[in-house]
Amino acid sequence: MASIASPLPAGEDVPVSALSRAQLIDVLTDTVGDLENLDLSLNADGVEDARRLRSGLVAQIRDHVLPRLADADIPAIVVVGGSTGAGKSTLVNSVLGQEVSDAGVLRPTTRTPVLVVNPEDRDALDDHPIASVCLTVASAAVPAGLALVDASDLDSVQESNRVLASRLLEAADLWLFITTAARYGDHTPWASLEEAAGRETPIGVVLNRVPATVLPEVRRDLIGRLDALGLAESPFFVVPDAGPHEGLLPDASVGELRDWLRLLAGRHRAAGLVRRTGRGLWTGLRADLITLADGVDAQDDAATRLEAASRRLLEAPSADLRADVARGTCGQGAPTTRWVTLASSGGPLAPLAQGGRLRSGWFGRTGKARAAALETLAADARESIVSRLEAALVSVQDDAARIWQAAGAASRSRELLPAGADAAVVVDAWAAEQAAHVTAPPKGLTPQGTGDLVVSAAAGIEGSRAAAERLGLGQAIIEAKDSLTEVLTGVLDAAVPVGAARALAPDPALAAALRLRAGELAPFTRPGASA
């Protein structure tokens, strides 16, 4: 986390010194870096708003605030934006009196935004962030001190266009909102207008393509809506419906709008527009940082809830495996049937089942048959244990995938939740340890055969258990069962590691840093203050 330097000397509420401006640029640059790396993937209350706010803040600081701090003399950016088919390109061309942006009947025409600048301002905007996403056209028809952006449609069917349109609005010193009699109530552009009004971005409104028959009604309703947003004093222009046509609109239709833009022109007037934008901007930016800090806290809470839910997933499967080992149910079924076959009269394990002495050594034919039978029995026991462990793993992993997906963390689950251990490898390693622990095998058994007998007994094959205990292996069975329980539950725990969900939370210091940076902006929200 970058350190936070104070951008304003204590008690100062006048224009900031050059040093303070540099500090402010550093702070805001660090803020952009933090916001770009901020992961808001977890579902939480208000997360969609937080994601939009983060994107908007990044665009606003990067595309509007930082360029303006770096060079206060760059032209004021006037973004012409609105709904699909509102006639933005035709209006821009008509106001300027020449074709600078493609316009047509087919929608959406404007895919690549067009930045129109006066030739003497072009160099000043070459390094501006919005120049990298716009087609720049130099035209003397644009008054020096202003730059017009014919933006993408706010409600474009293409998401990339919508995102770009929102980014351009964040860079605006003034938004010229273009709408029509048929589209002025559309949700998406109106929601964007409401957000801009909340930031106190200067806004002008153009009611375009309005038939004379509905003008009084539409104008009255639209002005009422604007008044509800606090935009009653915003400049308001009406462009009559010219019907189907190609080319520029009549001068009389756009003359009032053209004259108003010329009044804004001139570097001193453009600077005044920027200052008006700045006063509302700092207040809105400060409030947005505090709101986003709350969103970071919500992510932390969501990660904590997911961590608890992930740990709860292990409770029932782990308890079931512990119970299987304790009750010896892993040895039921095929392993027990195998014991009955091998320990029946005349079978290689009959002496073990009958409790008689193992008269022959392990190296003779009978001993070798006994060792092979114990190996087969232990293999059946291991297979049964593996089957139960695999079923538990699948259950835990499926449930973990489900709750992580519901929490919005599906993409990170592949990174933070391991694929799971190979159950057969784990159980085989446990079984091998039982043989390795044998230092003094009973007479007639090899160390491996003794280990196999302990394995089958620990799995719960009753005949094996009784035989092993008669041979003095009772403690070995207890220890084998304890270690088996530890191994099985350890495999489950590793499938959903402790802290995996908590790792999804943003750096806890980020919320505090955002609030601190919001506090650093407080001096700029005072009357008379400026950056």
Legend entry - Main-chain N/O of Ala86 paired to Ser83 side chain as donor or acceptor, under 3.5 Å: no
Legend entry - More than 12 heavy atoms from other groups under 6.0 Å of CG on Asp71: yes
Inset, instruction - Using side-chain contact (heavy atoms from CB on, under 4.5 Å) as the criterion, list what pairs up with Ala458, not counting sequence neighbours. - result: Trp430, Ala480, Lys481
Inset, instruction - Using atom types as modelled and distance alone, determine if a side-chain donor or acceptor of Arg54 lies under 3.5 Å from a backbone N or O of Leu38. - result: yes
Inset, instruction - Determine whether more than 12 heavy atoms belonging to other residues, nucleotides or ligands lie under 6.0 Å from atom CD of Gln405. - result: no
Inset, instruction - Spell out, as yes or no, whether a donor-acceptor pair under 3.5 Å connects the side chain of Arg388 to the backbone of Thr329. - result: yes
Inset, instruction - Kindly compute the distance separating CD (Glu479) from CG (Leu473), expressed to the nearest 0.5 Å. - result: 11.0 Å
Inset, instruction - State whether Arg412 and Glu415 are salt-bridged, where the test is any N-O pair (Lys NZ or Arg NE/NH1/NH2 against Asp/Glu carboxylate O) under 4.0 Å. - result: yes
Inset, instruction - Identify the two heavy atoms, one from Ala431 and one from Arg382, that lie closest to each other, and give their separation to 0.1 Å. - result: CB-CD, 3.5 Å
Legend entry - Residues which pass side-chain contact (heavy atoms from CB on, under 4.5 Å) with Ser413, listed by chain and number, not counting sequence neighbours: Trp404, Leu417
Inset, instruction - Indicate yes or no: at least one non-hydrogen side-chain atom of Val133 is less than 4.5 angstrom from one of Leu168. - result: yes
Inset, instruction - Mark yes or no for whether Arg68, through its side chain, and Ile74, through its backbone, hold a donor-acceptor pair below 3.5 Å. - result: yes
Inset, instruction - Assess whether side-chain contact (heavy atoms from CB on, under 4.5 Å) is satisfied between Glu195 and Leu169, documenting all intermediate values. - result: CA-CA 10 Å; Glu195 292 175 3; Leu169 290 180; over 6 Å; no
Legend entry - Nearest atoms (heavy-atom pairs only) where Ala151 meets Gly81: CB-CA, 4.4 Å
Inset, instruction - Using modelled atom types only, decide if a donor and an acceptor are shared between the side chain of Arg311 and the backbone of Val496 within a distance under 3.5 Å. - result: yes
Inset, instruction - Can you see which heavy atom on Leu42 is nearest to which on Gln299, and at what distance? - result: O-NE2, 2.7 Å
Inset, instruction - For residues Val149 and Ile130, report the shortest heavy-atom separation together with the two atoms involved. - result: CG2-CD1, 4.0 Å
Legend entry - Spatial distance of atom CG (Leu285) from atom CD1 (Ile290) [nearest 0.5 Å]: 10.0 Å
Legend entry - Within-4.5 Å side-chain heavy-atom neighbours: Ile385 and Leu488: yes
Inset, instruction - To the nearest 0.5 angstrom, please state how far the CG atom of Leu492 sits from the CG atom of Leu393. - result: 5.5 Å
Legend entry - Side-chain donor/acceptor of Ser464 to backbone N/O of Gly460, under 3.5 Å: no
Legend entry - CG-CG distance between Leu164 and Leu154, expressed to the nearest 0.5 angstrom: 10.5 Å
Legend entry - Heavy-atom donor-acceptor pair, Ser384 side chain to Cys330 backbone, under 3.5 Å: yes
Legend entry - Flag side-chain contact, heavy atom, 4.5 Å: Ile77 against Leu125: yes
Legend entry - Side chains of Asn161 and Ser156, donor plus acceptor under 3.5 Å: yes
Legend entry - Test item: Glu307 side-chain N/O and Ala501 main-chain N/O as donor-acceptor pair under 3.5 Å: yes
Legend entry - Salt bridge flag under 4.0 Å for residues Arg167 and Glu170: no
Inset, instruction - State, to 0.1 Å, how close Ala172 and His64 come at their nearest heavy-atom pair, and which atoms those are. - result: O-CE1, 3.5 Å
Inset, instruction - For Glu486, look at atom CD and say whether over 12 heavy atoms of other residues, nucleotides or ligands are found less than 6.0 Å away. - result: no
Legend entry - Donor-acceptor contact present, side-chain Ser387 to main-chain Glu383, <3.5 Å: no
Legend entry - Donor-acceptor contact present, side-chain Arg370 to main-chain Gly444, <3.5 Å: yes
Legend entry - Contact summary for Gly449 and Thr446, nearest pair of heavy atoms: N-OG1, 2.8 Å
